Amino acid sequence: MRINRILRTKPFGHELEIKGWVRTRRDSKTVSFIEINDGSCLENLQVVIDPGIPGFDSVAREINTGCAVTVHGVARKSPARGQEMEVEASSIALTGGCDPAAYPLQKKRHSLEFLRTISHLRPRSNVIGAVTRIRSRLSFAVHRFFHERGFCQVHTPVITANDCEGAGEIFRVAAADGGDFFGRPAGLTVSGQLEAEAYALALGRVYTFGPTFRAENSHTSRHLAEFWMIEPEMAFCDLEEDIDLAEEFLKYLILYAFDNCSADLALFSRFVDKGLEKRLRRVLEHDFARITYTEAVELLQKSGRSFEFPAEWGMGLQSEHERHLCEEVFNAPVVVTGYPADIKPFYMRRNDDGKTVAAMDVLFPGIGEIAGGSQREERPERLEAVMRERGMDPAAYQWYLDLRRFGSAPHAGFGVGFERLLLFVTGMKNVRDVIPFPRTPGHI
RNA sequence: UCCCGGGUAGCUCAGUCGGUAGAGCAGGUGGCUGUUAACCACCCUGUCGGGGGUUCGAGUCCCUCCCCGGGAGCCA
């Protein structure tokens, strides 16, 4: 039986089989204690070994931190403090030994930077194990959220010829002989949005959730060359409804973590970020503030704060500006809408003022931009005009223009970086620690 | 790519004025105890990131390259 179930069902008096990895061992003359973790939960199970049991001399001596073991025994109430239950071993077998002098993981805590250097072993640490379980459960919750609301998941291509202008540098795909994609240039996707639009304008409500690639030479705690992005896209939907969905979605995931990952979450509150649960609750309990870009610039200019880059209409909001807005002005998530058209991608819907577009960014305290989206330009002549203005060849995007030519409809969507979401939920500070094998410049 | 801060034992770090390196933890051995990141004693561990320079002498000063972390930009 796995340890999470044993701890939940408390099968006192029952014979159990436990398979897992030894975290610590403490010896006494008359009895040995080993703590086993099997990855099913954060908690370890204490196994008590009497030196008289079969195989003790040949096996138990070699058991120490890192070993894989199989234990048979009976669940008992623990007479000592520290745990309610323990397992009295009747037999123990060493499944895989582990040389303690060579094993990099110790019983004590390690720095996250060190754990990054042993990415194949770090899932055996408490923190990375907890991150991994939360990542998995929230991934499931993403699918559940959309399926409960009638969305259809679309598997958009990883290899694509779209560069989704404005979404960053692309990795080129090449065959082993150095050629390109069978004679045509191709790259790894930077966003599934354009393809998702095609399916939204057929199935109504769709979403993508998959890996995304950016070739930018970014060295920050918030960027990866390979990351996972969630992108819903809805037909017959305007920007307001888009924002409503984003807010509902983000709150849903946080609530899901509270309801389903409480033990792991408690670890983060205790060791990673003391203010975590309070901050998560604050997001759940408050409506997201909604302001326009123009209002944001005015707020920043009136704030009396001196920024390294003063806020100015027409310029993008700097990280320091985003921080000021959601950490000091509103102390809550902030949604900024109506950005200048010139600093946003071609596909966003032009507002009636002619200068701004129906874009929105969701800013979270401590994280910055966690989601970005827009209502898309559904008017074919407007879309084509913008493409020409920007020197894009409409012929290359004929399929995308066709979506407007044949049965066009207002539609909108947004993208959420899954790792940034995990930073917020776990209180971790670096996206490299919330993805199993992080891909960053110089690291593969 | 730019700006900071780092690189010393397996890990986390200290190292004064330039005088050939130290602690805690881990590991080993022994002891003790229904133990809780157990405890006590002893022992082991170093191309001081690489290269060059200054100097009688460099972990320490200078130059250079590499790597790591934080921030910025870009973005999710």
Side-chain angles (χ1 to χ4, degrees), chain A residues 23-35 43-50 64-66 76-83 86 88 98-118 121 125-126 164 166-169 189-193 209 211-231 246 271 307-309 315-323 343-345 361-364 367-373 414-424 429-435 440-443:
Chain A
R23 282 295 175 78
T24 76
R25 170 178 186 163
R26 294 179 291 269
D27 280 335
S28 153
K29 186 172 276 177
T30 56
V31 66
S32 286
F33 301 95
I34 61 173
E35 290 204 25
E43 293 83 359
N44 303 324
L45 185 62
Q46 173 163 284
V47 173
V48 187
I49 304 168
D50 187 291
N64 41 39
T65 304
R76 302 280 188 215
K77 269 207 155 44
S78 179
R81 279 182 305 168
Q83 60 282 315
E86 61 191 22
E88 188 182 296
C98 183
D99 175 5
Y103 188 53
L105 287 169
Q106 304 171 176
K107 290 186 252 191
K108 62 171 203 162
R109 287 178 74 186
H110 289 287
S111 68
L112 293 167
E113 289 82 1
F114 171 67
L115 291 173
R116 266 172 231 156
T117 67
I118 47 167
L121 294 173
S125 67
N126 283 338
C164 201
E169 298 293 314
T189 183
V190 294
S191 164
Q193 181 202 311
F209 182 12
T212 309
F213 308 87
R214 302 278 167 91
E216 260 126 30
N217 192 13
S218 292
H219 294 261
T220 84
S221 54
R222 302 186 314 282
H223 291 86
L224 293 163
E226 176 181 298
F227 65 99
W228 286 62
M229 190 152 65
I230 301 146
E231 295 176 289
F271 295 114
F307 296 106
E308 191 185 346
F309 299 95
M315 306 292 285
L317 295 180
Q318 306 284 320
S319 290
E320 55 179 343
H321 299 151
E322 297 178 349
R323 281 202 119 87
I343 59 170
K344 287 291 182 183
D361 280 356
V362 181
L363 311 178
F364 263 28
I367 304 286
E369 185 184 340
I370 197 163
F414 60 86
V416 176
F418 191 44
E419 286 74 20
R420 288 189 184 174
L421 185 70
L422 288 169
L423 288 192
F424 189 76
K429 297 293 179 289
N430 195 315
V431 285
R432 286 165 220 166
D433 299 323
V434 297
I435 190 167
T440 53
H443 286 274

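To find a chain, count down the sequence lines: A is the first, B the second, and so on, and within it residues start at 1. These numbers come from a predicted model, not from an experiment.
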Response to the item:
By side-chain contact (heavy atoms from CB on, under 4.5 Å), A:S28 pairs with (sequence neighbours left out) A:T30, A:V31

Worksheet item: Mapping A:R109 and A:D361 to their closest nucleotides on RNA chain B, which lands nearer the 5' end?
Response: A:R109

Fill in: Residue pair A:N126 / A:R23, side-chain donor-acceptor N/O under 3.5 Å
yes

Item to complete: Begin with the C-alpha distance, continue with both residues' side-chain angles, and end with the deciding distance and a verdict on salt bridge (Lys or Arg N to Asp or Glu O under 4.0 Å) for A:E86 and A:K77.
Response: CA-CA 6 Å; A:E86 61 191 22; A:K77 269 207 155 44; over 6 Å; no

Worksheet entry | Set of residues satisfying side chain to side chain donor-acceptor pair (under 3.5 Å) with respect to A:Q318, sequence neighbours excluded | none

Worksheet item: Using purine N1 to pyrimidine N3 plus N6-O4 or O6-N4 for Watson-Crick, or N1-O2 and O6-N3 for G-U wobble, both under 3.5 Å, which nucleotide pairs with B:rU1?
Response: B:rA72

Practice prompt. Return yes if some donor-acceptor pair links the side-chain N/O of A:E88 with the main-chain N/O of A:V48 below 3.5 Å, else return no.
Written response: no

Worksheet entry | Residue list, side chain to side chain donor-acceptor pair (under 3.5 Å) with A:E320, at least two apart or on another chain | none

Worksheet item: Under 4.0 Å between a side-chain N or O of A:R432 and OP1 or OP2 of B:rG70?
Response: yes

Worksheet item: Can you find a side chain N or O atom of A:S221 that sits less than 4.0 Å from OP1 or OP2 on B:rG69?
Response: no

Worksheet item: Distance check: side-chain N/O of A:R116 vs OP1/OP2 of B:rG69, anything under 4.0 Å?
Response: yes

Would you tabulate the pairs of protein nitrogen or oxygen atoms and nucleotide nitrogen or oxygen atoms of nucleotides 39-47 of chain B closer than 3.5 angstrom?
none

Worksheet item: Between B:rU47 and B:rU8, how far is it from one P atom to the other, in whole Å?
Response: 10 Å

Fill in: Gap in Å between the two P atoms, one belonging to B:rC25 and one to B:rC43, rounded
14 Å

Worksheet item: Within the structure, does a side-chain N or O atom of A:R222 lie under 4.0 Å from either OP1 or OP2 of B:rG71?
Response: no

Worksheet item: Would one find a side-chain N or O of A:N44 under 4.0 angstrom from OP1 or OP2 of B:rA37?
Response: no

Worksheet entry | Side-chain N,O (A:K107) to OP1/OP2 (B:rA38) below 4.0 Å | yes

Discussion item. Once rounded to the nearest 0.5 Å, what's the spacing between atom NZ of A:K429 and atom OG of A:S221?
Written reply: 10.0 Å

Distances for protein N or O near nucleotides 12-14 of chain B N or O, under 3.5 Å:
unit_1 : atom_1 : unit_2 : atom_2 : d
B:rU12 : OP1    : A:S111 : OG     : 3.0

Worksheet entry | Close side-chain approach of A:I435 and A:L224, heavy atoms under 4.5 Å | yes

Discussion item. Output one letter per nucleotide in nucleotides 28-35 of chain B: B when a protein non-hydrogen atom lies under 4.0 Å from the base, S when only the sugar-phosphate is that close, - when neither is.
Written reply: S---SBBB

Practice prompt. Could you verify whether a donor N or O on one side chain and an acceptor N or O on the other, from A:S191 and A:E231, lie under 3.5 Å apart?
Written response: yes

